[in-house]
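Please read the structure below before turning to the comments.
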Amino acid sequence: MTIGATLLGLLETGPQHGYSLKKSYDAHFGRDRPLDYGQVYATLSRLLRDGLVEEDGVEPGGGPSRRRYAITAAGVTDVERWLTTPERPALYLQNTLYAKLVLALLSHRSPQDVLDRQRSAHLTTMRELTARKRAGDLADQLICDHALFHLEADLRWLELAAARIDQLAGAVVPPPAGTTR
Amino acid sequence: MTGRTVLAADGEAPAADTPLLVGEGLHKSFGATPALCGAGLAVRAGELVAVMGPSGSGKSTLLHCLAGIVRPEAGTVRFRGVDLVARSDTERSALRRREFGFVFQFGQLVPELTCLQNVALPLRLGHVRRRAAERAAREWLDRLGVADVADARPGQTSGGQSQRVAVARALVNDPSVVFADEPTGALDSVNGELVMNLLSDAARASGAAVVIVTHDARVAAYADREIVVRDGRSRDLESVA
Amino acid sequence: MSGPIAAAGDLLIGVRLAVGGGRRGWARLLLTTLGIGVGVAVLLLAASVPPALSAQQARQRAAGYSLTAADGAADRMLLARDAPDTFRGTELSVVHVEAGGPHAPVPPGLDRVPAPGEIAVSPALADLLDAPDAGLLRARYPQHRVAVIGKAGLSGPRTMLAYVGARGLPRGNGILAFGRGSTAEISPLLVALLVVGVVVLLFPVVVFVVISARLSGSERDRTLAAVRLVGASAPQARRIAAGEALVGAVTGLVLGAAGFAAARPLAQWQSFAGVTPFADDLVPSWPLTALIAVAVPLLAVVATTAALRRTVIEPLGVTRRATTARRRLWWRPVAPVAGTVVLLVLIRQGVVARGADGGRMPLVAGILLVLMGVPAVLPWLLDQVLRRVRFDTPALQLATGRLRAETGPPARVVAGLGVVLAGAIGMSTLLAAAGDRYQVAPRQPAAPVAVVQVEGEPSAGLAEALRRTPGVLAAQTLQRYEAVATDGSGTMISLYVAPCAALEGVLGRGTCRDGDSFRARPAWSAGDDDLAPGAAVRVVGTDDDSSGGVAWRIPRTAAGTARAELPFAGLLATPGAVPDLSRTQAFPVLAARYDPAAPDVEDRLRTAATAALQWRAHLAFTQPVVLTGDQKPYQDIRRGLLAGTLLTLTLAATTMVVAAAEQVRERRRPFAVLAATGVPRALLARSVLWQNAVPLVLAVAVADAVGVLLAVLLLPVVGLPVRVDPGTVGLYSVAAAVAAGIATALTLPSVVRATRPAGLRAE
């Protein structure tokens, strides 16, 4: 659901064509893997079906590329919920987390909150793992240690991101040119 | 010990769920450098709280203010309802001796005394007789598995052993709060884990609250909850979720 | 549990800290003990000198006497005659005594008055008589030795005193009671020397006590911070530190007292201000002893706790150290300026130069205040230099950076050395100036004449005995009269009459005609002729009747008279030059001309005269050198003070070594890291050298200035002309620098040890 959430989040900043949406996504997130149009339109269709976006206007010439999409109130709520819900601590989360950070910045929400919520979730999991480790046998301990170390690595990255938030904000947020919400 | 009742009688009688130790709105600067800008922390009896944050964020200073070692320039610190900031140095020293225990990263044990004497020191400073003090000290050293270094000096022990001696010293006077500042910072993983296990077990067994300052998430994982300190401000992660 | 018991408990914790420190703790304790022990020993010595001196003076007074001429109390009088003697340069006090009756007073230290033919000697004189090469002395006093004079009659163990039993002493001149003697006064110059010397010794010792008590300051800071963290209150921490300091102070007291007791008997070997004290006399007065026993530990404790101020405020004091405040200048020159003022006042008053008693306390105070200028000014000066001067090379940067962090301790260490140096410069300038006064180059007379004046009938064979003495060239009898001026001025001159042959022998001249007369002047006389040729005089004899006598005029002396080297001033005349003196009673004297190069010739002469005549013979020799009463004490003080300065300099250097080694030890981790990252060890060693050298150079400069100031002030105070010898100043400065250089060199092994890779390991 991440791509959908990301696109939804991008739409929150203002209505866009599918074409410009893809360009925007690529610019922020698609460095290695640019999104292909098929995926964009498929995701947009789903979002439309779910009532999270609506069509805002149609350009002459028809076709999906010529449709403008805007986020609905339900969509805004969804984005809000997504941003404020921490991810389940797992490996290779950083793409999602990074997306959340950028979107928070773009939508003038507090990125610190995103980070802190994630920290709390991570630490809770680590707490459980630590408790399990103390009660378990050697095999349990080794497995838990492995997970703990990785979670710790995640948290360290989170800390780093938090320290670099200002730089990130400067790179991400466009200069004030009147983005209405 | 009579000390506790005296202090409690001074303020309002604490209710069951009132935090044991509360710091609010603390400000402290060292020269031109601000260390705390309105940080705070509440600790309930028997819980373990982790204070995390990047270096230079002021977490150690927060700990020092809460423990009454350092006087903040603004803000309050209440222990059992009694404001510590207004108290004289002598009273705060007495409080540290009777109610608090300390485990720091380095340099807390007196090099000229044996480990046993180091552990007995808080009791001796409270004028407990030597025999009784050393007996209690020996029990704690036993509990922490370092009875064999009782007669050695701290300089002659390994890092893990001396930290365990420090934990013993922190707990020997049956404190209400144990303050730990990077207790495992100089230890390897195995020793660090051992020390944290012992500390958290012993603290829970004796009902002491623990405030532990650390940058290590795996150490913070021993705590019941965490607060984050950044740029002199604190944030309870519970309140964010 | 509260109050004193609790406080004692805290002290005990401190004691435990001092004693339980392992090897380093013991080393520190040992050093503190040594420093305080030396201080205590010196203080005890200083405290026991006044009682010793007064005991000695009391004995002097007890043994002293005045001769009276009470006629009616003949049987209660001890007839006496002083006959001071010299043997091989040692002065002997010899008193011939004869009991006038059964109730005559007994000299102190004896049971009874020696009978004729008996002699009682002091122990030192007994030793001298028993020496194998003292045959001449034994011949001089052949009497039977019946007693050794007890301590009550001696001023010191080295006193040379003898009571000789005599017969036929003239009546009417004796001692009615002992105990009326006067005591010798020490000249103001010597007092000044003594005071400077004592201050030079004591002051740095006080500084060392303070420094040793504060050794390992930062380690103690850390320990006490840890104790404070655990919950010791500030007063409690101070009590613990006091307990720790007390251990060293108490052991220092014990060591000092033991050292003093052990060194006491050695005092017998060293005479002090002209007299040697008995070991028994060196007992410090009780009040002063109690004061020392209290003041020294107190000083140690105060020194330690004063350094704690910053730590005690914050239990984390070690980790957060605010920048040190700028040192203030205004109060520092107060002490030396005040001292200068005091000494200037003393100069104007001239009190000390005159030897009056009132000047002593201000003198001590003035010297102390001026010397205090060194430790007062030095820290400020060091601070200023470090702030303003740019040090560029890496070694200097390391050194000055370290110095800047803590300017107190290095300044204190060299301040002790500086005080010693300033005092030594002041003292040696005084000594050099005094030496000019006391060291007159002896000039041996070429043809000296000894004169023996005999009371009563001259012994028949004395002239012959003198002539037979090896080394004597001629011995003649002369008749002595006095020529008194008739103008009523009372001026008189001695007149010696003898035939030409005799005069030729005495004067060593070949030509003499009857009617000649000669003038005799001692070599040291300035030639003041009180009676000029042609003056009218009356010649009188032993009946001393100046109203009678024979009229005469002082003749012109023979042309070409060489100055005879006689021990007296007077006229020598042939019978033809004087009027008829057959009815005037002359006083016969013997004059013996001798060869000064002959071995022991003077002592032989003394023996020849004394053995025959005992108390009736008075010898006079031509001595161009007049030893003032101060000569011997001057030598003793000089020796003592120089030895003391050397000792204190060694102490100062030792403290520097200790402080420098301490510095290196405290920085061994940074040193190890620097060495590991490629900084050459030689550079680190040089930085240690600079770290010692910079304060030292400043200390020497300040000490030179203060020392010269002190000398310039003290010389006029004691009445000597102001003269500073730059050579002395330079010599002492170089000596101090060398001592410090050696001290630094001794710390280099610890630098090597610190920079070994093993130093990188965490503790």
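The sequence lines fix the lettering, A, B, ..., with proteins before strands; numbering per chain opens at 1.
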Around B:R204, counting heavy atoms of other residues, nucleotides and ligands shown, do more than 12 lie under 6.0 Å from its CZ?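 Yes, because the 6.0 Å sphere around CZ of B:R204 holds more than 12 heavy atoms from other groups.
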Residue B:D231 excluded, over 12 heavy atoms near CG under 6.0 Å: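 No, not enclosed.
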If we define contacts as heavy-atom pairs under 4.5 Å, which of A:K133, A:R134, A:M126 has the most with chain B?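 Winner by heavy-atom pair count: A:R134.
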Taking NZ, NE, NH1 and NH2 as the nitrogens, is one of them in B:E226 or A:R127 under 4.0 Å from a carboxylate oxygen of the other?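 Answer for the salt bridge query: yes.
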Step-by-step side chain to side chain contact (heavy atoms under 4.5 Å, CB included) determination, B:R218 to A:T130: CA-CA 8 Å; B:R218 285 176 303 114; A:T130 306; over 6 Å; no
Report which part of [X] has an atom under 4.5 Å of a heavy atom belonging to chain A: side chain, backbone, both, or neither.
X: B:A50; answer: neither
X: B:S200; answer: side chain
X: B:R230; answer: side chain
X: B:M52; answer: side chain

Which atom of A:L123 lies closest to which atom of B:A220, heavy atoms considered: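 Smallest interatomic distance, heavy atoms only, reads CD2-CB, 4.2 Å.
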Would B:D216 and A:R156 count as a salt bridge (Lys or Arg N to Asp or Glu O under 4.0 Å) if you check the C-alpha gap in whole Å, the side-chain angles of each, and the deciding distance to 0.1 Å? CA-CA 9 Å; B:D216 185 345; A:R156 302 247 283 252; 5.9 Å; no
Any chance you could measure B:D224, atom CG, to A:T124, atom OG1, to the nearest 0.5 Å?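 Output value for this atom pair is 11.0 Å.
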